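Before any comments, here is the structure.
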2 protein chains.
Amino acid sequence: MGTRRGYHHGNLRRALLDAALAMFVARGSFDFTLRELAREAGVTHNAPYRHFAGKSELLAALREEGFGALAEACRAALVAAGPDDVRARVRALGEAYVRFAVGHPHHFRLMLYDPLGGEGPAPAREPGGAFALLQGSLEEARAAGVVRADLPTREIALAAWALVHGLASLMVERHVPADEARLRRHVKVLDALFFEGASA
Amino acid sequence: MGTRRGYHHGNLRRALLDAALAMFVARGSFDFTLRELAREAGVTHNAPYRHFAGKSELLAALREEGFGALAEACRAALVAAGPDDVRARVRALGEAYVRFAVGHPHHFRLMLYDPLGGEGPAPAREPGGAFALLQGSLEEARAAGVVRADLPTREIALAAWALVHGLASLMVERHVPADEARLRRHVKVLDALFFEGASA
DNA sequence: GGCTCATGTTGACATCGCCCACATCGCCCG
DNA sequence: CGGGCGATGTGGGCGATGTCAACATGAGCC
């Protein structure tokens with residue numbers, strides 16, 4: 001990790017982010033200390049301030065990374081699902097979303113846990129474009145005529161997002177055991193709820 | 001608030017909890033300080049330790065209260081919905097859940113945000129019995145024959161919970177604007193997804 | 001080769017969490 | 001009714017933290 005060669009570290013920013021992530025994988029919480037990260041990186045207690053204005057800014061950077069990773073996971077799931085079966089694409093998306101959350105619970109929590117910005121105007125930031133992907137896939141599916149026709153696409157998209165995000169959240173917070181079987185069943189339910197006819 | 005009459009405060013515990021709640025309504029975060037709460041309550045920096053072993057224990061107490069309040073809100077919604085229309089009962093539950101979250105975002109966040117307990121065995125704590133209520137209502141509905149028949153009740157219950165919890169979470173985290181219209185539409189979607197035939 | 005600016009260091013201060021011993025007071029029991 | 005005891009709050013202290021300001025170092029560019 002913190003293999004510095006001389007006076008300068010080389011890539012302290014990265015090292016700090018990694019240390020922070022490792023820190024709250026070890027504990028369950030985000031209450032690490034900046035000085036601790038500095039020590040971990042082999043640097044004095046003030047070096048981090050050259051890269052982040054404070055703890056909150058460091059967390060924001062991590063959050064950003066998390067959003068990126070989630071979006072990437074979703075895109076990867078889409079290409080893995082192939083372009084043909086629009087219905088399978090939606091399922092793949094939902095599954096990837098939950099799987100990311102369960103696989104990176106700390107990142108997911110952090111992303112979820114923006115400090116509320118002080119009640120200001122709603123930022124309306126969305127988790128890494130995942131919702132846009134989902135909405136797009138649902139539009140494909142609708143165009144293909146497999147989506148149930150009694151609800152507008154926009155509402156279905158929000159419901160699908162909530163369904164998936166809800167399970168992810170419940171599993172990450174361990175209100176529901178995060179086992180594979182449950183995940184698969186949930187995706188099937190999602191399929192049954194939003195699509196018409198038997199699943200593939 | 002902190003109207004103490006003499007050496008003793010009278011109800012410091014309550015005062016501290018209220019102060020803590022007020023504190024992260026003011027800011028957006030839980031990073032208040034115990035000393036600050038003590039000042040707010042008009043006692044010295046060590047008095048809180050007579051009531052809570054530390055900050056985490058105070059937060060746990062608040063969480064507990066939140067769970068209680070949520071369960072109460074759900075029960076109230078059930079009685080308000082009346083005993084007859086089992087389908088309306090489910091809708092009322094979902095609506096109450098989201099409404100609670102939107103109405104008490106800090107409490108909801110706090111409840112959501114259990115420090116992960118250090119990766120130990122899943123506590124499987126459920127948000128104030130809300131899930132049990134939902135499951136019960138869905139069983140009523142199934143017995144009445146209004147629930148879609150192609151999915152087991154257990155799965156439907158989990159999906160309904162996820163759907164509702166997901167929207168609550170998305171709204172609290174402001175990924176989705178928390179307006180009334182959206183809430184109502186979402187409840188309608190929930191109804192359409194899980195029940196058969198047109199809604200009342 | 002020297003300048004400059006980003007990066008890291010050193011020192012300092014107010015504050016925090018938590019530990020200690022001590023003070024005060026409500027309340028029970030004789 | 002009065003003494004004592006346990007619960008509650010006080011005061012002081014220690015190590016650690018976040019953040020500020022001044023200084024040191026060295027990489028890159030001319």
Side-chain angles (χ1 to χ4, degrees), chain A residues 1-63 110 113-118, chain B residues 1-63 110 113-118:
Chain A
M1 281 289 170
T3 52
R4 62 186 304 188
R5 283 164 298 208
Y7 190 94
H8 283 28
H9 182 283
N11 199 347
L12 182 54
R13 182 187 166 90
R14 182 72 265 153
L16 289 173
L17 291 175
D18 291 344
L21 205 47
M23 207 66 92
F24 60 74
V25 168
R27 324 163 182 188
S29 189
F30 306 122
D31 58 359
F32 59 86
T33 125
L34 271 194
R35 283 170 120 105
E36 210 170 356
L37 295 188
R39 275 192 297 267
E40 199 70 23
V43 134
T44 47
H45 66 260
N46 259 323
Y49 283 85
R50 296 293 162 186
H51 298 272
F52 305 98
K55 188 154 122 183
S56 56
E57 197 167 291
L58 189 150
L59 286 177
L62 274 178
R63 206 160 9 231
L110 179 57
Y113 201 58
D114 210 332
L116 268 192
Chain B
M1 277 295 168
T3 54
R4 61 187 307 190
R5 282 163 301 206
Y7 190 96
H8 282 40
H9 181 284
N11 200 346
L12 183 54
R13 182 187 166 91
R14 183 70 265 154
L16 289 173
L17 291 174
D18 291 343
L21 205 48
M23 207 67 92
F24 60 75
V25 168
R27 320 165 185 186
S29 187
F30 306 122
D31 57 357
F32 59 86
T33 113
L34 271 194
R35 284 169 119 105
E36 210 170 357
L37 295 188
R39 275 192 296 266
E40 199 70 23
V43 291
T44 47
H45 62 123
N46 261 323
Y49 284 86
R50 295 294 163 188
H51 298 272
F52 305 98
K55 186 154 122 185
S56 56
E57 197 167 293
L58 189 151
L59 286 177
L62 272 180
R63 211 166 357 238
L110 179 58
Y113 202 58
D114 211 331
L116 269 192

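Values reported hereafter were calculated over all heavy atoms of this structure, with side chains retained and with hydrogens, waters and symmetry mates removed. Small disclaimer: the values here were computed from a predicted structure and weren't measured. Order of the sequence lines sets the chain letters (A, B, ...), proteins ahead of strands, with each chain counted from 1.
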Results of side-chain hydrogen bond (donor to acceptor under 3.5 Å, both in side chains) for His45(B) - residues two or more places apart only: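 Here the qualifying residues are Arg35(B).
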For [X] and [N], give me the distance from atom [atom1] to atom [atom2], rounded to whole Å.
{"X": "Leu12(A)", "N": "dA6(C)", "atom1": "CG", "atom2": "C1'", "result": "13 Å"}
{"X": "Phe52(A)", "N": "dT19(D)", "atom1": "CZ", "atom2": "P", "result": "13 Å"}
{"X": "Arg50(A)", "N": "dA21(D)", "atom1": "CZ", "atom2": "P", "result": "11 Å"}
{"X": "Glu40(A)", "N": "dG8(C)", "atom1": "CD", "atom2": "C1'", "result": "18 Å"}
{"X": "Leu16(B)", "N": "dT8(D)", "atom1": "CG", "atom2": "C1'", "result": "12 Å"}
{"X": "Asp31(B)", "N": "dG17(C)", "atom1": "CG", "atom2": "C1'", "result": "15 Å"}
{"X": "Glu57(B)", "N": "dC18(C)", "atom1": "CD", "atom2": "P", "result": "11 Å"}
{"X": "Leu34(B)", "N": "dC18(C)", "atom1": "CG", "atom2": "C1'", "result": "10 Å"}

Which pair of non-hydrogen atoms, one from Leu16(A) and one from Ala41(A), has the smallest distance, and what is that distance?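 The answer is CD2-CB, 4.3 Å.
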Counting N and O atoms only, with roles assigned by atom type, does the side chain of Lys55(A) sit under 3.5 Å from a partner on the main chain of Asp31(A), one being a donor and the other an acceptor?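 No; zero donor-acceptor contacts below 3.5 Å.
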Mind checking salt bridge (charged side-chain N to carboxylate O under 4.0 Å, His left out) for Glu57(B) and listing every partner two or more places apart, or none if nothing turns up?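 Partners of Glu57(B) under the salt bridge (charged side-chain N to carboxylate O under 4.0 Å, His left out) test: none.
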Check salt bridge (charged side-chain N to carboxylate O under 4.0 Å, His left out) between Arg14(A) and all other residues, then give those that pass, not counting sequence neighbours.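 Salt bridge (charged side-chain N to carboxylate O under 4.0 Å, His left out) list for Arg14(A), sorted by chain: Asp18(A), Glu65(A).
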Test side-chain contact (heavy atoms from CB on, under 4.5 Å) applied to [X] - qualifying residues, sequence neighbours left out:
{"X": "Asn46(B)", "result": "Tyr49(B)"}
{"X": "Ala60(A)", "result": "Arg63(A)"}
{"X": "Ala22(B)", "result": "none"}

Going by heavy atoms in the side chains, are Leu21(A) and Phe32(A) under 4.5 Å from each other?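 No, side chains not in contact.
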Where along nucleotides 11-16 of chain D does protein come under 4.0 Å, by heavy atom, of base (B) or sugar-phosphate alone (S), with - for untouched nucleotides? BBB---
Starting from the 5' end of DNA chain D, give me the residue, Ala53(A) or His51(B), whose nearest nucleotide shows up first.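 The residue whose closest nucleotide sits nearer the 5' end is His51(B).
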Five pairs per end, C1' atoms only: what is the angle between the end axes of the helix from dG1(C)-dC30(D) to dG30(C)-dC1(D), to 10 degrees?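 Computed angle between terminal axes is 10°.
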